[in-house]
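Because the structure is a prediction, the values reported are computed rather than measured. A, B, ... follow the sequence lines: proteins, then strands. Residue 1 opens every chain.
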Amino acid sequence: MIQLPAGFHLRRETLARSVVVRRSWPVFLDLCVAGILLACFYAIVQVARYWNSSPRTDFAISLSPHALPMYAFFSIVRIGFAYVLSLAFALIYGYIAAYTPRLEGLMLACLDILQSIPVLSFLPGVMLAMVALVPGHQLGIEMGAIILIFTGQAWNIAYSFYASLKSIPRELTEAARIYNFSPIQRFFHLELPFATIGLIWNSMVSVAGGWFFLMACEMFILGSRDFRLPGLGSYLQTAAANGDFRAITYGLLTMIAIIVATDQLLWRPLIAWSDKFKFEQTESSNRVSSPLLHLLQHSSAIRHLRQRTLRPISELFYRTSHKRRAAQHLQSASNSRVQKMLRYVAAGLFIGIVLFAATHAIVLLREVRLRQIGMIFLGAGATFLRVFAALLIGSAWTIPAGVAIGLHPRLARIAQPLAQIAASVPATAVFPVLLLAIVKAGGGLGIGSIALMLLGTQWYILFNVIAGAIAIPSDLREVGRLFRFSTVEKWKVIILPSIFPYLITGLVTASGGAWNASIVAEYFRLKNQTLSTFGLGAQISAATDAGQFPVLLWATIVMALIVVTINRLLWRPIYRIAETRYKLSA
Amino acid sequence: MQPAIIRAERVEKYYSQPSENRIQVISPTDLSIVQGEIIALLGPSGSGKSTLLRMLTGLSTPSAGQVYWHEAPIQSADVNVSIVFQSFALFPWLTVLENIEAPLKARGVDAATRRKRSIKILDTVGLDGFQAAYPKELSGGMRQRVGFARALVVEPEVLFMDEPFSALDVLTAENLRSELLELWHKKTIPTKSIFLVTHNIEEAVLLADRIIVLGRNPGHIRTDFRVNLAHPRDRKAAAFTQLVDYIYKVLTQPEAPAPALPNINGRRVRDQREMKYQMLPHARPGGIAGLLEFLLDHGGKSDIYRLADDLAFEIDDLLPIVEAASILKFLTVTEGDAAITSLGAEYANAEILRQKEIFREAAVENVLLLRQIVRALQSKSDHTVPEDFFHDTLDEVFSEEETVRQLETAINWGRYAEIFDFDSTRRRFTLPESALAEPESAFADASEAEEEKDKQETGL
Ligand SMILES: Nc1ncnc2c1ncn2[C@@H]1O[C@H](COP(=O)(O)OP(=O)(O)OP(=O)(O)O)[C@@H](O)[C@H]1O
Ligand SMILES: [Mg+2]
């Protein structure tokens, strides 16, 4: 007799009264789904209409609260497009990197460097290119903004997908091969499901980062041209510039509402759904639940839709792909030669384009005078000190706070959600307000820029420290109690070594973020005046403003080099020590 | 003789190393799978069983030689085989039914037929009613049933299995085994031949019509014989135990020298036996001591087969310990019997500090790698050497993975016997204080005369 495993009963339909209640559900659910679809349709029409209008670079941003929903909507669309673009890019890039041994090393190195390049220095180049590409339409500027956000989002998703592909257990790959899966079947049955959880978590991080850049790139000045896109970021900046606190409050509230809504309506259902992709053999007990997911899964309209559209398409696909493969079997030899040729041509073209662009960039670089280069390096030193200060201040408050939260479950229940909301508000949205307050109090951008770096990056440290403190095994803590360690001893012997690897992970991310934030932080326009302080970030921003591309390029390269070098020479060795000596699990 | 379904002709496998060397895993081997037989492939861990299986299925291409599918080269043939994996290799995000339908989808079978065939095979393996469950909701035995169903649904001509029962508990495994035999004998499944990799000797004798035993370094066929016992087979029958005993003897006997290897593409293939580099069995000192004490309690001499039985050990777990003890000259192995030596008895009876001393002397005397480490440490003025130094040397002889394991074992032994210290963060060997203080101890034995001996041994 077959023994039913625990939990299996739950899947079976049981004949009980609840079935009657459940029957009345689908109609209501269908109405909800229909409503969502209609909303999507309207949104697409709106976007298309707006994009077709002629470019209005000097958009007047209205501070009326009535304009806010529209602005928020446009900002969301921007992020959404950028995200879809990032995801598509990440899947293709990760796939090629994982399955092309000859390109693998190069592509990984590219990712590493792209991740360290300050995205905001691309702003002028990308904008001008896009405006030139699509003249006469708002679409050009819009595309520029989307591409910028994209460059802030894509890399970690791509890396996550690559890493997932690489860690697929060998026997699963072999099963797919022995049963002759076509590449597409393999993708949908094996590779994509295996990577899903990583993709979702990285998407959350990326979208949060997207908001940071969105705030900065909806409103900026390029030479004599003043670009403005209608959106939440430009609304907040304008409100801050006018010192309109009512508008600032409305803007921030909208921002928080959007973030909470994204979490509830998008990420939670996704995480709950992704539970089935967990590659563990036992069923976990604590799962994230989501009413929205329940709604979607139990809507009969969606089920019908799937059966009418997706099913037939996939069936047709499997049948034809099998036939095609059988035919291919015979003529694979001649095919491969053509493919080889094509590959060489593609590689040649790629190398050619890279060489062309690189030589032009070098010509540009030579236009900068030696004195200016010296200033750039001095500025780098100043920014370095600021980043250092921000990390120091950040660690000083987050380590005690994080350990306290991590060790006291009751405190964690209150503090953690609050911290999560605070962390998800993009620093660039709050910055204008904060700066206004600092200036009023008599401070300058010197302090202000450190504050912004802190605002944007302290959360990485905090959350990692919390995770580290939670992971301290209780027996280790009991030992401390048993030997009556003093507080100092407890920190020295138990707490600090235990959280060390986590702390380092947090600091690495925070340091990269702080460098990038310096571009916004060290140079800021407030109420028709430009505040600026000496530093590499300010030099990049100023060069952007004045359209000095050679200086911009120099400064960008220097910043990227510094970030990469610090990662390689400082963080990586420390991290290795943390991994080997202080890792708690065997 | 029947025509072969799959025929391997002089297949070999070697892996290239970072250091330009190649590690031979399978030496030239001929093997045929014909209709109507269950073949069991036995061999110690790392002897290349899985490698051979993967070449026979066409999953991996031999480095030399050719595999034929109905006399056509296997790469270009339309092969119809399945594999049942040790880890089940199910897709956790698909339901049981979807898992079983996946191979049919790949073959372009239409939805209705797919469903019909899947339900039928689910019935056959005793899983009806479970179609909508996810694999993680099932027990290990049930999961492997799904694995079998998925493998059988495509009606493979040859069914390959790589240790299909080793992840299951004893009773579940026994149950599944007999059900498989029943399907096979009643011809419920159209499969023409079964190829089973296992490290369980009784399992092989219980199931197989033909048993192949693989030797190690590089993998080669030690013996290949037919089992003519009638089914169902009785584990207690004399013929059964004799066969099991015979296989134990084959597995524990010292290797006979193999013929010299040819040149391939002008590059000399190194055979590990040719290198004469000693391979450390991966046993812990504690395990060795435990085995010796057990042996002493049982009169100092025992059949290894009985020993495994008494200790409830798998042969794969016991053999490395026996081998280690025999390298250290703590026991001798003849004809499948292990007999403790006087040194071994002294070791087993000594208290802990003395034990370490005996182990130290035996290890430095008999283990090449440890001797090399000690000598390197003594010749350096600061008495410290990085691990990488030995890594590079071993790399010429062993695969990357094996190199790491060899060093791990050496470090384990060396630390236990206080031959050296090892700093695991800096990955460096250092000579311990005690050794520095008394150079006339065991370490002094590693003298220049032995250096000569080592050179001959390594053939470097
Ligand atoms: N990709 C590879 N590169 C280098 N060496 C390899 C590779 N794959 C396998 N080997 C080596 O080949 C040898 C045989 O491996 P294989 O997995 O076939 O052994 P096995 O008999 O199946 O062992 P087990 O009983 O542990 O499953 C091992 O020593 C292994 O280290
Ligand atoms: Mg194996």
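Among residues at least two apart or in separate chains, salt bridge (charged side-chain N to carboxylate O under 4.0 Å, His left out) pairs with a member in residues 79-106 of chain B are Glu101(B)-Arg114(B).
Heavy atoms of other residues, nucleotides or ligands lying less than 6.0 angstrom from CD of Gln66(B) number more than 12. Shown here is Arg284(B), whose CZ atom has no more than 12 heavy atoms of other residues, nucleotides or ligands within 6.0 Å. In Trp201(A), the CH2 atom is not crowded: 12 or fewer heavy atoms of neighbouring residues, nucleotides or ligands sit closer than 6.0 Å. No more than 12 heavy atoms of other residues, nucleotides or ligands shown are found within 6.0 angstrom of CZ on Arg115(B).
The parts of Ile83(B) that come within reach of chain A are both its backbone and its side chain, each placing non-hydrogen atoms under 4.5 angstrom from that chain. The part of Arg170(A) that comes within reach of chain B is its side chain, from C-beta onward, which places non-hydrogen atoms under 4.5 angstrom from that chain.
Here the shortest heavy-atom pairing between Tyr179(A) and Ala106(B) reads O-CB, 3.3 Å. Annotation for Leu59(B) and Ile178(A): closest pair CG-CD1, 4.0 Å, computed over non-hydrogen atoms. Residues Ala175(A) and Ala89(B) come closest through the heavy atom pair CB-O, 4.3 Å.
Annotation: residues 188-197 of chain A contacts chain B through His189(A), Leu190(A), Pro193(A), Phe194(A) [non-hydrogen atoms, separation under 4.5 Å]. Contacts between residues 146-164 of chain B and chain A, counted as heavy-atom pairs separated by less than 4.5 Å, involve Arg150(B), Ala151(B), Val154(B).
A search for salt bridge (Lys or Arg N to Asp or Glu O under 4.0 Å) contacts involving Arg102(A) returns nothing, not counting sequence neighbours.
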